[in-house]
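Counting begins at 1 with the first residue of the sequence. Values reported hereafter were calculated over all heavy atoms of this structure, with side chains retained and with hydrogens, waters and symmetry mates removed.
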Amino acid sequence: MMAVMGMGRAQEALVSPTPVGTEAAGGAIEHNLVNVGVVYPPLLQEVRYATAYNFTRRVLYPFAAVFVHKDVVEALQKVQEELEAEGLGLKIYDGYRPISVQGKMWAIVSDPRYVSDPAKGKGKHTRGTAVDVTLVDLRGKELRMPTDYDDFTEKAHRFSTNWSPEERANSLKLEEIMKKHGFVPFPFEWWHYDYRGWENYPPLDIGFEELQRGVTTTLPVP
């Protein structure tokens with residue numbers, strides 16, 4: 001888990017709008033992915049896919065980091081600012097996921113309710129437009145939600161009737177503010193939100209190491 005959020009004066013978003021899938025030289029495209037570390041107050045991060053503590057029981061990311069498209073980070077900035085005023089904040093588990101990693105996940109859990117088949121539609125996390133999030137208080141303690149993250153049971157479904165009043169209230173609180181700022185809730189996972197128009201963003205397979213080095217372009221996924 002990364003450092004606990006500082007709840008100070010909110011800054012303006014640190015990115016500016018960029019056209020989706022802008023072409024660069026040599027057939028490459030600008031991926032427009034940025035680290036969520038630009039959001040202030042900072043998001044709490046728990047990147048389980050950089051550890052073996054996840055449903056695959058394998059380390060899938062080379063290090064703990066969350067990248068998303070610039071448009072998504074601007075929306076997260078607005079969510080975080082609004083939550084700060086209520087003494088709350090976001091914890092983020094995942095954002096952009098290379099399509100090669102998506103393929104590894106699909107090979108382990110071939111259930112489209114929980115893992116997208118990269119051969120059909122090429123996924124949503126792969127575009128940097130999907131985020132897995134929950135709510136935390138000022139001290140970084142998670143608010144009670146229906147299940148743990150990546151719980152592939154029916155209780156994680158938004159239409160489950162097995163939620164306690166507290167779990168439902170917290171889940172609906174998260175859903176309300178995410179929808180307000182352009183995110184669409186995924187029906188089978190209370191933590192998963194897709195940025196509106198996600199299908200207009202290109203799937204990508206650029207690695208975390210390249211993103212960390214500041215590489216700004218990548219070849220499009222065939």
task = Check whether any side-chain N or O of E175 sits under 3.5 Å from a backbone N or O of P185 as a donor-acceptor pair, and report yes or no.
result = no
Side-chain touch L135/K173, heavy atoms, less than 4.5 angstrom: yes
Check: Do any N or O atoms from the side chain of H31 and from the backbone of G128 form a donor-acceptor pair under 3.5 angstrom?
Finding: no
Legend entry - N54 side chain to R48 backbone, donor-acceptor under 3.5 Å: yes
Check your understanding: Can you list the steps and then say if N32 with Y201 is a side chain to side chain donor-acceptor pair (under 3.5 Å)?
Key -> CA-CA 10 Å; N32 300 319; Y201 295 77; over 6 Å; no
Heavy-atom nearest pair, A65 first then N35, reads CB-ND2, 4.2 Å
Which of parallel (below 30°), tilted (30 to 60°) and perpendicular (above 60°) describes F67 and F208?
perpendicular
(Q) What I'd like to find out is whether the side chain of V131 reaches to under 4.5 Å of the side chain of I92, using heavy atoms alone. (A) yes
Worksheet item: Would E166 and N170 satisfy side-chain contact (heavy atoms from CB on, under 4.5 Å), going step by step from the backbone distance to the final call?
Response: CA-CA 6 Å; E166 181 184 10; N170 290 337; 3.7 Å; yes
- Report the C-alpha distance between L33 and T216 in whole Å, list the side-chain angles of each, state the deciding distance to 0.1 Å, and finish with yes or no for side-chain contact (heavy atoms from CB on, under 4.5 Å). CA-CA 8 Å; L33 296 174; T216 60; over 6 Å; no
Side-chain donor/acceptor of D205 to backbone N/O of S100, under 3.5 Å = yes
Note to self: Is there a continuous path of hydrophobic side-chain contacts, each under 4.5 Å between heavy atoms, that joins V59 to V47?
What the structure shows: no
Quiz item: Do F186 and Y49 share a hydrophobic cluster, counting only Ile, Leu, Val, Met, Phe, Trp and Tyr and linking them when any side-chain heavy atoms are less than 4.5 Å apart?
Solution: yes
Do D132 and Y193 have a side chain donor and acceptor closer than 3.5 Å? no
| query | Below 4.5 Å, heavy atoms only, C-beta onward: do K91 and V133 meet side chain to side chain? | reply | no
Heavy-atom closest pair (P98 atom, Y61 atom, distance to 0.1 Å) is CD-CE2, 4.3 Å
Item to check | Non-hydrogen side-chain atoms of E176 and L172 separated by less than 4.5 Å | outcome: no
Looking only at heavy atoms, the pair that brings S160 and N162 closest together is OG-N, 3.1 Å
- Message: Are W198 and L204 connected into the same hydrophobic cluster when the rule is that any two of I, L, V, M, F, W, Y join if their side-chain heavy atoms are below 4.5 Å apart?
- Response: no
Is there a path of hydrophobic side-chain contacts, each under 4.5 Å between heavy atoms of I, L, V, M, F, W or Y residues, that connects V184 with V68?
no
Go through it in stages, so that I can follow the logic: the residues are E189 and H157, the test is side-chain contact (heavy atoms from CB on, under 4.5 Å), and I'd like the CA-CA distance, side-chain angles, deciding distance and then a yes or no. CA-CA 5 Å; E189 299 171 339; H157 299 183; over 6 Å; no
Paired with H181, the side chain to side chain donor-acceptor pair (under 3.5 Å) test is passed by just one of E81, E82, K78, Q80, namely E82
Practice problem: Give a yes or no on whether the ring-centroid distance for H125 and Y96 is below 6.0 angstrom. | Solution: no
- Task: Assess whether atom CD of E154 is packed by more than 12 heavy atoms of other residues, nucleotides or ligands within 6.0 Å.
- Result: no
_Joint hydrophobic cluster, V38 plus L90, side-chain heavy atoms closer than 4.5 Å_ = yes
Item to complete: Measure from the side-chain N and O atoms of R57 to the backbone N and O of Y53, and report whether any donor-acceptor pair falls under 3.5 Å.
Response: no
Rounded to the nearest 0.5 Å, the CD atom of E74 sits from the NE2 atom of H69 at a distance of 9.5 Å
query: Going by distance alone, is a donor N or O of one side chain under 3.5 Å from an acceptor N or O of the other, for T147 and W190?
result: yes
Nearest heavy-atom approach of G89 to L83 is C-CD1, 3.8 Å
Please examine the side chains of V215 and I206, heavy atoms only from C-beta on, and report whether any two atoms are closer than 4.5 Å.
yes
Exactly one of Y149, F55, W191 clears ring pair (Phe, Tyr, Trp, His ring centres under 6.0 Å) with Y93, and that residue is Y149
*Taking the side chain as C-beta and beyond, is there a heavy-atom pair between D150 and F152 under 4.5 Å?*
yes
Check: V79 and M178 side chains under 4.5 Å, non-hydrogen atoms
yes
Is it the case that D71 and Y195 place a side-chain donor and acceptor less than 3.5 Å from each other? no
Notebook entry, point to check: Where the side chain of R144 meets the backbone of E167, is there a donor-acceptor pair that is under 3.5 Å apart?
Noted result: no
- Message: More than 12 heavy atoms of other residues, nucleotides or ligands under 6.0 Å from NZ of K155: yes or no?
- Response: yes
Heavy-atom closest pair (R168 atom, R158 atom, distance to 0.1 Å) is NH1-O, 4.3 Å
Could you tell me if the side chain of I108 sits less than 4.5 Å from the side chain of R58, heavy atoms only? yes
On a heavy-atom basis, the closest approach of P220 and G27 is CD-O, 3.3 Å
When you measure from the side chain of E210 to the backbone N and O of G207, does any donor-acceptor pair fall under 3.5 Å?
yes
